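Per chain, numbering begins at 1; letters A, B, ... match sequence-line order. Worth knowing before you read on, the calculation uses all heavy atoms, side chains too, and leaves out hydrogens, waters and symmetry mates. Since this is a predicted model, take the numbers as computed values, not measurements.
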Protein chains: 2
Amino acid sequence: MSSSAQKYDVFQAIADPTRREVLKLLAYKELPISEITSHFPMSRTAIAKHLHILSEANLVSGQKVGREKRYHLQPETFQELKDWLSYYDQFWNNKLSMLKYVVENDGEDSRKNKETD
Amino acid sequence: MSSSAQKYDVFQAIADPTRREVLKLLAYKELPISEITSHFPMSRTAIAKHLHILSEANLVSGQKVGREKRYHLQPETFQELKDWLSYYDQFWNNKLSMLKYVVENDGEDSRKNKETD
DNA sequence: ATTATATGAAACCTTTTGGTGTTATGTCAA
DNA sequence: TTGACATAACACCAAAAGGTTTCATATAAT
């Protein structure tokens, strides 16, 4: 059930705005491809590709029902992102003072450096 | 609150594995570009580009100290991701039964499926 | 059986992405 | 001032990403 060699991971999957919109749509209820497509200004084929990517990342899953394929979210995979984020929580919590020091002393040269980048 | 027209958002920024590694490095302490580069099998220029992207997404920030530029994480921006994720928590919590129903019954509910012509 | 619907899949195109190398600029140390 | 160091700012390139159109296949309905 879990394909070992996945080309797209969760991070790549959610990088695209269209795919995030698709996820939002599927949050409410499962939908077939053509129904999803009707919400976007692009071809059905394009949406199908996006769904394929979301599917490879295990963010969604599709089931054939008659002649249509209905896609729904896969909650478990969102956990992957939460885990990734929680790793950094360690630092905000444990090392917060150290970080605050670094951040708040960005005027080492006694002058506020404008972000010219 | 730097709100310029940013080309890269948080989602795109974390999509690249190298950039996620950079974030991991910077979690411990701020580092200059060349130091960061020493952890990767690619040129300093490449890393500089990655830092530029992370910087545009406000995930990191750099301050010039003497002739080097030290980069550090920007904790606030990680909140953006948490917020995005928490949106879906709604559904896992409130509508979990509905979703489980949909998944487990592979979409047998036919209440609002109208034929579109 | 025929036709309309829903999707799958391939070939193709353009822009973006992620890397390279080279050159220029600014800073520290003799 | 000179030389070493740290980075910035190009120009360039191959591959991937995101879209298109076209064609094929499976199911539903008449």
Side-chain angles (χ1 to χ4, degrees), chain A residues 5-23 26 30-57 59-72 108-111 113-117, chain B residues 5-23 26 30-57 60-72 106-107 110 113-117:
Chain A
Q6 53 180 22
K7 188 180 177 192
Y8 294 94
D9 63 10
V10 182
F11 296 96
Q12 265 185 291
I14 65 168
D16 184 87
T18 301
R19 287 196 287 270
R20 290 199 300 277
E21 277 295 312
V22 169
L23 291 177
L26 293 178
E30 61 170 15
L31 294 171
I33 300 189
S34 46
E35 176 72 24
I36 298 172
T37 303
S38 70
H39 291 78
F40 297 90
M42 64 184 71
S43 71
R44 184 194 53 78
T45 310
I47 296 296
K49 282 189 183 177
H50 282 306
L51 284 168
H52 181 70
I53 290 170
L54 288 169
S55 181
E56 260 197 21
L59 281 167
V60 307
S61 176
Q63 347 145 213
K64 280 204 73 178
V65 177
R67 63 181 158 182
E68 60 183 28
K69 189 168 185 181
R70 300 196 187 148
Y71 282 90
H72 58 84
E108 278 281 351
D109 53 348
S110 76
R111 192 176 324 189
N113 249 327
K114 218 176 74 168
E115 259 173 328
T116 43
D117 243 299
Chain B
Q6 51 182 24
K7 187 179 176 189
Y8 293 93
D9 63 9
V10 181
F11 297 96
Q12 266 186 292
I14 65 168
D16 185 87
T18 301
R19 286 195 289 270
R20 289 199 300 276
E21 278 296 312
V22 169
L23 291 177
L26 294 177
E30 61 170 18
L31 293 171
I33 299 190
S34 46
E35 176 73 23
I36 299 172
T37 303
S38 70
H39 291 77
F40 297 90
M42 64 185 71
S43 71
R44 188 196 54 75
T45 310
I47 296 297
K49 281 189 185 179
H50 282 307
L51 284 168
H52 181 70
I53 289 170
L54 288 169
S55 180
E56 262 197 18
V60 308
S61 175
Q63 347 147 210
K64 282 205 72 176
V65 177
R67 63 181 159 183
E68 61 184 26
K69 190 169 183 180
R70 299 196 187 149
Y71 283 89
H72 58 84
D106 63 298
S110 53
N113 259 320
K114 43 146 180 58
E115 292 288 30
T116 47
D117 66 294

What integer distance in Å separates [X]:[atom1] from [N]:[atom2]?
X        : N       : atom1 : atom2 : answer
Ile53(A) : dA9(C)  : CD1   : P     : 14 Å
Arg70(A) : dA6(C)  : CZ    : P     : 11 Å
His52(B) : dT7(D)  : NE2   : C1'   : 14 Å
Ile14(B) : dG18(C) : CD1   : P     : 13 Å
Met42(B) : dT20(C) : CE    : P     : 7 Å
Leu54(B) : dG18(C) : CG    : C1'   : 13 Å
Gln63(A) : dT7(C)  : CD    : P     : 13 Å
Ile47(A) : dT7(C)  : CD1   : P     : 12 Å

Of the nucleotides [options], which one has an atom closest to the side chain of [X]?
X        : options                  : answer
Arg67(A) : dC5(D), dG19(C), dT27(D) : dT27(D)
Glu68(A) : dT7(C), dT27(D), dG19(C) : dT7(C)
Ile33(A) : dG19(D), dT7(C), dG18(D) : dT7(C)
Lys69(B) : dT7(D), dT7(C), dG26(C)  : dT7(D)
Ser34(B) : dG18(D), dG19(D), dA6(D) : dA6(D)

**Message:** Return whichever of His50(A) or Gly66(A) has its heavy-atom-nearest nucleotide of DNA chain D closer to the 5' end.
**Reply:**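 Counting from the 5' end, the first nearest nucleotide belongs to His50(A).
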**Request:** Not counting sequence neighbours, which residues clear side chain to side chain donor-acceptor pair (under 3.5 Å) with Gln12(A)? List them please.
**Result:**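 For Gln12(A), no residue satisfies side chain to side chain donor-acceptor pair (under 3.5 Å) once neighbours in sequence are set aside.
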**Main-chain N/O of Glu30(A) paired to Arg70(A) side chain as donor or acceptor, under 3.5 Å** =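 The answer is no, because no donor-acceptor pair under 3.5 Å joins these two groups.
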Atom [atom1] in [X], atom [atom2] in [Y]: separation rounded to 0.5 Å?
X        : Y        : atom1 : atom2 : value
Phe11(B) : Arg20(A) : CZ    : CZ    : 4.5 Å
His52(A) : Tyr71(A) : NE2   : OH    : 8.5 Å
Leu31(B) : Leu51(B) : CG    : CG    : 10.0 Å

**Complete:** A correct 5'-to-3' footprint of nucleotides 10-17 of chain C, with B, S and - meaning base, sugar-phosphate only and no protein heavy atom under 4.0 Å, is BB-----S
**Request:** Report yes or no: is there a donor-acceptor pair, N or O only, under 3.5 Å between the side chain of Arg44(B) and the base of dG21(C)?
**Result:**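 A donor-acceptor contact between them is absent.
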**Message:** OP1 or OP2 of dG19(C) versus the side-chain N and O atoms of Ser43(B): is any pair under 4.0 Å?
**Reply:**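 Answer is no, no contact under 4.0 Å.
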**Prompt:** Do His50(B) and Ile36(B) have side chains that get closer than 4.5 Å, going by heavy atoms?
**Reply:**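 No, too far: nothing below the 4.5 Å cut-off.
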**Message:** For a 4.5 angstrom cut-off between non-hydrogen side-chain atoms, does Ile53(A) reach Leu59(A)?
**Reply:**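 Of all side-chain heavy-atom pairs linking Leu59(A) with Ile53(A), none is under 4.5 Å.
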